[in-house]
2 protein chains.
Amino acid sequence: MTVKQEKILQSALQLFALEGYHATSTSKVAKQAGVSEGLIFKHYTSKEGLLNAVVEEGEKRFKNLYAEIVLEDKPRQVIKKTLELPFIVPEEEYGFWKLQFKLKWELKDYNTQKMQPMMFALSNAFKNLEYDNPELEAELVLHILDGVASAILKDMVTDKEELRNFILTKYKL
Amino acid sequence: MTVKQEKILQSALQLFALEGYHATSTSKVAKQAGVSEGLIFKHYTSKEGLLNAVVEEGEKRFKNLYAEIVLEDKPRQVIKKTLELPFIVPEEEYGFWKLQFKLKWELKDYNTQKMQPMMFALSNAFKNLEYDNPELEAELVLHILDGVASAILKDMVTDKEELRNFILTKYKL
DNA sequence: TATATTTGTAAGTGATTACTCACTAATATG
DNA sequence: CATATTAGTGAGTAATCACTTACAAATATA
């Protein structure tokens, strides 16, 4: 990957996350990256191809964050790590994280199955802890995760550490 | 309001909710509404003006749904009605409801203060019930509300009634 | 009924869109 | 060193964008 390719991906991520995919033109990306617009299409074929590359790169960086949850074997730790997820995402990744939420609502077919492995890990955890309804417990945890993450990204959470402790205490974790 | 104006608002809502604001052109709205494109600008000045009209109309229809929560005086009922909100929104309003979520992520400055009155009602309710941390309890309920609503709109909830009962039972409501 | 106002259209406008193409500069490989 | 491949540019393209304008039809008001 050349330095100009990196610049393109970085600018695209920033603009897509800030303004949205449809509201960002390829010419804007090129200008911010300091390259000719044609280069974007040489490397990524289309605007959609550029988006895919941006998402792929971001997912690579996010992978280990999810892995830590899915590979955890102690059931209480699975739940704890899931609920802590929004609080341990490094701030330099907020751009990509925000993009995920944006795309979920902006694109008709954006992969909604991404949470499947976490759902599986969670319902197994609740099953091992002998909860009455492990599937619904898992579902609710994922909804909380979604709501909390959304609020953090929208800058509606003033004290993250306080909220984190509150949630963990409530779940006795 | 003429019949053509109603047709415009209806088509705009449908397209904005389905494809998003930026991805929907005024010519598309005009075509679906069966009017000339110029008429949109005669009535609503700009594309943004059209969006505002669509949102205003929708909020009129949603108003009583929120009012029932904010005007409720029994604290347990405030919490119950809040958590039940995603389950009692009539399906014919899913379009406008979806638009609200879309705009929250698509527009930079979309009103994030809409939940303020509900936040106030909730923290008061938890205060009356002598919870240790009423503000954080209220905040968490709103995050759950957000996560659950999001999942319903994304068609990720198979059995709504089951989830509703589960949540209410968990909160002993 | 005369006229002012509103409703509506059709055909434009310049700007911007995603994308292409002919071409050069740099780099890799034999 | 020769040449094939890749990186990169700049000036295009047709299509579409939000929006305007000149004008006609319908409706309200006097």
Side-chain angles (χ1 to χ4, degrees), chain A residues 1-58 60 95 99 102-110, chain B residues 1-58 60 95 99 102-110:
Chain A
M1 179 139 51
T2 45
V3 60
K4 297 215 170 185
Q5 277 186 64
E6 268 171 42
K7 264 290 194 185
I8 291 171
L9 289 180
Q10 176 197 313
S11 300
L13 170 56
Q14 199 172 119
L15 289 167
F16 288 164
L18 197 73
E19 322 256 3
Y21 173 68
H22 282 111
T24 302
S25 63
T26 49
S27 81
K28 232 192 216 161
V29 174
K31 193 177 280 179
Q32 187 169 121
V35 302
S36 65
E37 200 179 348
L39 190 59
I40 291 176
F41 294 92
K42 188 129 277 180
H43 285 310
Y44 307 104
T45 316
S46 64
K47 190 185 174 185
E48 203 189 326
L50 172 61
L51 175 65
N52 290 337
V54 166
V55 170
E56 251 175 63
E57 281 299 303
K60 259 187 228 167
L99 178 61
K102 278 209 146 95
L103 293 177
K104 176 170 127 185
W105 291 103
E106 199 172 344
L107 302 183
K108 241 183 287 213
D109 57 349
Y110 195 69
Chain B
M1 178 140 50
T2 46
V3 61
K4 297 215 171 186
Q5 277 186 65
E6 268 172 42
K7 264 289 193 186
I8 290 171
L9 289 180
Q10 176 197 314
S11 300
L13 170 56
Q14 199 172 119
L15 288 168
F16 288 164
L18 198 71
E19 323 254 3
Y21 173 68
H22 283 110
T24 302
S25 63
T26 49
S27 81
K28 230 189 213 164
V29 173
K31 193 177 280 179
Q32 188 169 120
V35 303
S36 65
E37 200 180 346
L39 190 59
I40 291 176
F41 293 91
K42 187 128 279 180
H43 284 311
Y44 307 104
T45 317
S46 63
K47 191 186 173 186
E48 203 189 325
L50 171 62
L51 176 64
N52 290 338
V54 167
V55 170
E56 250 175 64
E57 281 299 305
K60 258 188 229 166
L99 178 61
K102 278 209 146 92
L103 293 177
K104 177 171 126 185
W105 291 102
E106 201 172 341
L107 302 183
K108 242 184 288 218
D109 57 346
Y110 195 69

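All values below were derived from every heavy atom in this structure, side-chain atoms included, with hydrogens, water molecules and symmetry-related copies excluded. Sequence lines set the chain letters: A, B, ... in the order given, protein chains first and strands last, and positions in each chain run from 1.
- Partner A:V54 forms a side chain to side chain contact (heavy atoms under 4.5 Å, CB included) with one of A:I8, A:L13, A:L103 and no other, that one being A:L13.
- Distance, A:K4 NZ to D:dT6 P: 19 Å, rounded to whole Å.
- Closest of all the heavy-atom pairs between A:M1 and A:E6 is CG-CG, 3.9 Å.
- The residue B:K42 sits close to a base: some heavy atom pair falls under 4.0 Å.
- With contacts defined as side-chain heavy-atom distances shorter than 4.5 Å, the pair A:K7/A:V29 does not qualify.
- Between the P atom of C:dC19 and the CG atom of A:L51 lies a distance of 12 Å, rounded to the nearest Å.
- Put simply, A:T2 has a side-chain N or O that comes within less than 4.0 Å of OP1 or OP2 on D:dG8.
- Remark: P of D:dA18 and OH of B:Y21 are 8 Å apart, rounded to the nearest angstrom.
- In terms of phosphate contacts, A:S36 brings no side-chain nitrogen or oxygen within less than 4.0 Å of OP1 or OP2 of D:dG8.
- Inter-residue side-chain proximity for A:Y110 and A:V55 is flagged as met; some heavy-atom pair is nearer than 4.5 Å.
- Of the side-chain N and O atoms in B:H43, none sit less than 4.0 angstrom from OP1 or OP2 of C:dT6.
- Comparing B:G34 and B:E37 by the nucleotide of DNA chain C whose heavy atom lies nearest to each, the residue mapping closer to the 5' end is B:G34.
- Put simply, B:S25 has a side-chain N or O that comes within less than 4.0 Å of OP1 or OP2 on D:dC17.
- At whole-Å resolution of the value, NZ in A:K47 and C1' in D:dA15 are 15 Å apart.
- Counted by atom type alone, B:E37 and B:S27 present zero donor-acceptor pairs between their side chains at under 3.5 Å.
- For A:S46 and C:dA18, the shortest distance from a side-chain N or O to OP1 or OP2 is not below 4.0 Å.
- OP1 and OP2 of D:dT16 both lie 4.0 Å or more from every side-chain N or O belonging to B:S27.
- Here the C1' atom of nucleotide D:dC17 and the CD1 atom of B:I40 are 13 Å apart, to the nearest Å.
- As a whole-Å value, the separation of A:E48 CD from C:dT17 P is 18 Å.
- If you take CG of B:L39 and P of C:dA11, they are 16 Å apart, rounded to a whole angstrom.
- For the pair A:F16 CZ and C:dA18 C1', the interatomic distance rounds to 12 Å; values are reported in whole Å.
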